[in-house]
Structure formats: C-alpha cells, structure tokens
Enquirer: 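Would you mind keeping the following structure in view while I ask a few things?
Position 1 is the first residue of the sequence, and the numbers go up from there.
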Amino acid sequence: MSDDSRSDLILEAAELYYFEGLTQAAIGQRLGCTRWTVGRLLEQARETGLVTITINHPRARTRELETALMRTFAIDKAIIGPGIETASTDVSRAAASFLADMRPRPSTVAVSWGRTLARVALQLPHNWSPGVKAYQTNGGPTRSGNDSIARSLGILAEKGPGIGHTLPAPAIVGATELSNQLLKEPVIAETLQAAAGADVTVYSPGSVTHDSVLVRSGYLRPSHIDSIRKSGGVGDILSHFVDSDGEPISSELDARTISLGLHALKESKQTVAIVDTADKAPALLAAIRAGYASTVITDSETAQSVLALIE
C-alpha cells in the first residue's frame with residue numbers, strides 16, 4: 001500500500017470513528033479490514049497529529065506540563081491543574097485527592113501551616129487515613145485572620161481521623177540562644193524528630209512578600225522582607241528563607257528558626273510541594289532544585305512560570 005493510500009485510509013477511519021461514532025468493528029466492515037487494523041489506524045492518527053484530543057473541563061489536568069516538569073527536573077510526580085480563577089481551589093482539591101488516594105495509606109504525615117495547607121485540609125474527605133498521626137513541621141502563627149490557618153494541622157488530623165502533634169513554639173525567635181534552648185525541649189525535639197521520619201511531608205513554599213503569613217503573624221516586618229530580597233531570597237520553605245538554589249540566605253536567621261531542618265526535609269521519604277499562585281514560582285523552583293520536592297502539585301500558570309525561569 002502506498003503512503004498516500006495509507007494516509008487516506010487513516011483519515012477515513014478517523015472520520016468514521018470520531019465524526020460518525022462508528023465502532024471499530026463497524027469501521028472494519030466498511031473498509032474491508034479487521035477491527036485490530038482499525039485500532040492501529042486510529043493509533044497512527046493520534047501519533048501523527050491528525051487527531052488531537054482535548055479535554056474541555058475546568059478542572060482538567062494539564063498532562064503536557066506535567067510531563068515537561070518531570071522531564072526537566074528530578075521529581076517523581078507532577079499534578080498540574082488549569083490556571084484559571086479557581087486555581088487555588090482546584091490545586092487544594094488535587095492535593096487532598098493525592099493524599100487520600102495514597103496506598104498504602106500514610107500512618108504519619110509532616111505538615112506545615114499556611115493558607116494553602118489550610119485549604120488542602122478543608123478539602124480532605126473524612127476517613128482519608130484512619131489512625132494517622134500528623135506532626136507540625138515549623139513553629140506556628142501567633143495571630144491570623146483565618147482560623148483554619150492556625151487549625152490546619154488539627155483539621156487534617158481530625159478528618160483522618162487521627163491525632164495532631166503541634167509544635168508549641170514560634171516560627172522565628174529573637175536570639176539563637178533561645179532557639180537552641182527551645183529545640184532541646186523534649187516535646188519540640190520529639191515532634192520534629194517524628195516529622196523527619198514521616199511517611200510523607202506536605203508543605204507550600206512561601207513567597208518573599210509583605211503579604212507573607214510570617215509577616216502577618218508578626219515574626220517579620222516588611223523591612224525584613226526587603227532585606228531578605230536584597231540578600232537574594234526567593235521564598236521560604238518551612239519558614240527557612242532560601243535563595244534560588246534552595247540554600248538559606250542567612251545562617252543567623254536560619255539559626256533563629258524553629259523548624260524541621262532543610263537537610264531533614266531533603267532526606268524525607270516523600271515530599272509534596274503545593275503551590276497555587278504564580279508569584280510563588282521562584283520559591284517552588286528553589287525547592288525543586290534543592291531536592292525538597294519529590295511531588296509537585298500546582299496550576300498551569302505556575303508551572304509555566306517555573307519552566308520560564310530556567311530558559
């Protein structure tokens with residue numbers, strides 16, 4: 001069969017299948033070939049680009065971007081939702097589904113706090129992981145206009161149902177000596193140790209903005225944020241401010257941070273970074289580069305921004 005004849009046969013099979021809705025067996029009878037041959041013709045139609053398939057649904061995942069992220073970076077999985085007005089809701093729903101669908105179910109989870117994780121916790125179904133133990137990864141907020149931010153760990157554990165282990169400490173303290181003392185407190189040390197060995201660590205890289213939850217919680221002033229930016233800071237990971245390679249921008253500030261260490265995060269069994277706004281793309285890229293994220297869950301706008309940053 002000539003190339004032109006083969007091309008015409010592929011076109012006819014595609015039109016009968018996609019436009020007229022005929023079965024492969026019926027197309028085979030029409031064209032005088034087996035349904036297995038028809039299946040191969042339709043496969044070639046997709047391979048050559050003659051037929052492209054688009055899923056038009058507001059929450060459809062963007063498979064091309066998922067593949068691009070996994071090929072570009074050393075990550076195990078990417079889940080990319082559409083970049084539309086409901087991106088934050090869709091990303092939190094996707095993250096909640098990912099956690100609920102994990103098999104085997106995680107018996108221990110390390111969780112950061114913040115607006116994104118609060119939305120994820122609210123989206124989790126009840127009985128998502130019975131008996132789960134959730135451990136807070138970094139010191140908590142001192143104030144918040146959204147109670148679910150402060151309660152995100154409790155909500156996640158309650159829906160398990162399981163037990164939440166909070167970290168009774170600030171995220172950032174005023175002196176290294178105080179930080180050293182707090183980190184030696186048994187309840188804090190035990191919680192961080194358990195978080196380091198959790199089945200999965202879930203967090204959202206933060207942006208270096210005046211709207212940061214660390215500013216809203218009173219740990220930092222806007223002038224501190226300006227200084228962090230000038231020092232090359234692109235985001236915070238579990239309250240650790242890092243540069244574009246994921247390295248702490250200030251050893252002094254890092255020493256005053258009550259949190260799971262970045263070295264422990266890198267060695268965690270499974271790390272899930274969740275981002276639902278494109279302004280966090282530099283922070284997400286830093287987390288990926290440093291090996292702090294084995295799974296990335298975000299929206300298409302953020303994923304495109306991450307890829308654009310390396311061009």
Side-chain angles (χ1 to χ4, degrees), residues 75-79 81 88-141 144 146-169 171 182-183 185-205 213 237-239 258-276 287 292-298:
I75 57 176
D76 298 331
K77 189 175 184 64
I79 299 174
S88 61
T89 300
D90 293 333
V91 169
S92 60
R93 183 183 290 113
S97 295
F98 174 81
L99 291 174
D101 292 342
M102 287 184 69
R103 295 295 183 274
R105 296 181 188 274
S107 59
T108 54
V109 181
V111 189
S112 69
W113 56 271
R115 286 168 288 203
T116 302
L117 267 296
R119 288 191 285 268
V120 174
L122 290 171
Q123 290 283 354
L124 278 169
H126 289 281
N127 297 310
W128 72 275
S129 186
V132 69
K133 295 179 181 178
Y135 298 94
Q136 187 172 324
T137 57
N138 46 326
S144 169
N146 183 345
D147 186 54
S148 64
I149 293 177
R151 292 189 57 242
S152 55
L153 178 85
I155 295 171
L156 182 145
E158 180 183 340
K159 287 187 171 183
I163 300 174
H165 297 259
T166 60
L167 197 63
L182 288 173
L183 288 171
E185 284 294 317
V187 66
I188 295 176
E190 290 169 7
T191 298
L192 289 177
Q193 183 178 7
D199 294 331
V200 59
T201 302
V202 188
Y203 71 99
S204 179
V213 290
I237 297 174
L238 306 185
S239 301
I258 309 298
S259 173
L260 182 69
L262 292 176
H263 63 283
L265 177 63
K266 190 171 184 176
E267 295 173 1
S268 296
K269 297 176 183 177
Q270 184 174 9
T271 46
V272 181
I274 307 167
V275 172
D276 56 12
Y292 304 145
S294 58
T295 295
V296 170
I297 303 176
T298 189

Enquirer: First locate atom CZ of Phe98, then atom CD1 of Ile297, and finally report the distance between them rounded to the nearest 0.5 Å.
Expert: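 One finds 5.5 Å between CZ of Phe98 and CD1 of Ile297.
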Enquirer: Would you name the heavy atoms of Ile258 and Ala169 that are closest together and state the gap between them?
Expert: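 Minimum heavy-atom contact is CG2-CB, 3.9 Å.
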Enquirer: Can you see which heavy atom on Ile274 is nearest to which on Ser204, and at what distance?
Expert: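 Smallest heavy-atom distance, with atoms named: O-OG, 2.6 Å.
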Enquirer: Would you mind reporting whether Lys159 and Ile155 have side-chain heavy atoms less than 4.5 Å apart?
Expert: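 Yes, side chains in contact.
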Enquirer: Could you tabulate the donor-acceptor pairs under 3.5 Å formed by side-chain atoms of residues 187-196, not counting sequence neighbours?
Expert:
{"unit_1": "Thr191", "atom_1": "OG1", "unit_2": "Val187", "atom_2": "O", "d": "2.8"}

Enquirer: Of all residues at least two apart in sequence or in a different chain, which pass the ring-ring contact (aromatic ring centres under 6.0 Å, His included) check with Tyr203?
Expert: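 Tyr203: no ring-ring contact (aromatic ring centres under 6.0 Å, His included) contacts found.
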Enquirer: Is it the case that the side chain of Ser129 and the backbone of Pro106 share a donor-acceptor pair, with hydrogens and angles ignored and the cut-off at 3.5 Å?
Expert: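 Between the backbone of Pro106 and the side chain of Ser129 there is a qualifying donor-acceptor contact (under 3.5 Å).
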Enquirer: Locate the shortest heavy-atom distance separating Val120 from Ala95; write the atom from each residue and the value.
Expert: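 Where Val120 meets Ala95 most closely, the heavy atoms are CG2-CB, 3.9 Å.
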Enquirer: In the structure I gave you, are the side-chain heavy atoms of Trp113 and Val213 within less than 4.5 Å of one another anywhere?
Expert: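 Yes. Closest side-chain heavy atoms under 4.5 Å.
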Enquirer: How many angstroms lie between NE2 in His126 and CD in Glu158, if you round to the nearest 0.5 Å?
Expert: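 Between atom NE2 of His126 and atom CD of Glu158 there are 7.0 Å.
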Enquirer: To the nearest 0.5 angstrom, please state how far the OG1 atom of Thr108 sits from the NE2 atom of His165.
Expert: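 Thr108 OG1 to His165 NE2: 10.0 Å, rounded to 0.5 Å.
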Enquirer: What is the minimum heavy-atom distance between Leu117 and Ser112, and which atoms define it?
Expert: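 So the two residues come closest at CG-O, 3.5 Å.
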Enquirer: If you measure from OG1 on Thr201 to NZ on Lys266, what distance do you get to the nearest 0.5 Å?
Expert: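 Spacing of OG1 (Thr201) from NZ (Lys266) equals 15.0 Å.
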Enquirer: So do the side chains of Val275 and Val91 get within less than 4.5 Å of each other, counting heavy atoms only?
Expert: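 Not in contact.
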Enquirer: Give me the atom names and distance for the closest heavy-atom approach of Ser152 to Ala121.
Expert: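 That would be O-CB, 3.6 Å.
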Enquirer: Tell me, yes or no, whether the heavy-atom count around Lys133 atom NZ, taken from other residues, nucleotides or ligands under 6.0 Å, exceeds 12.
Expert: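 Counting other residues, nucleotides and ligands, NZ of Lys133 stays at 12 neighbours or fewer.
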Enquirer: Keeping the roles fixed (side chain from Lys77, backbone from Val272), state whether a donor-acceptor pair exists under 3.5 Å.
Expert: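 Checked: no pair found.
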Enquirer: Does Asp199 reach the main-chain N or O of Val109 with its side chain, forming a donor-acceptor pair under 3.5 Å?
Expert: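 No: the side chain of Asp199 does not pair with the backbone of Val109.
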Enquirer: Which heavy atom of Leu156 sits nearest to which heavy atom of Trp128, and what is that distance?
Expert: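 Closest approach of Leu156 to Trp128, heavy atoms only: O-NE1, 3.1 Å.
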Enquirer: State the CZ-OG1 distance between Arg151 and Thr166, to the nearest 0.5 angstrom.
Expert: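 Output value for this atom pair is 13.0 Å.
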Enquirer: As an exercise, state the distance from CG of Asp90 to CD of Gln123, rounded to the nearest 0.5 Å.
Expert: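 The CG atom of Asp90 sits 9.0 Å away from the CD atom of Gln123.
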Enquirer: Using side-chain heavy atoms (C-beta onward) and a distance below 4.5 Å, is Ser92 in contact with Asp276?
Expert: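 No, too far: nothing below the 4.5 Å cut-off.
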Enquirer: Is there a donor-acceptor pair under 3.5 Å between the side chain of Thr137 and the backbone N or O of Leu260?
Expert: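 Pair absent, no side-chain N/O of Thr137 close to backbone of Leu260.
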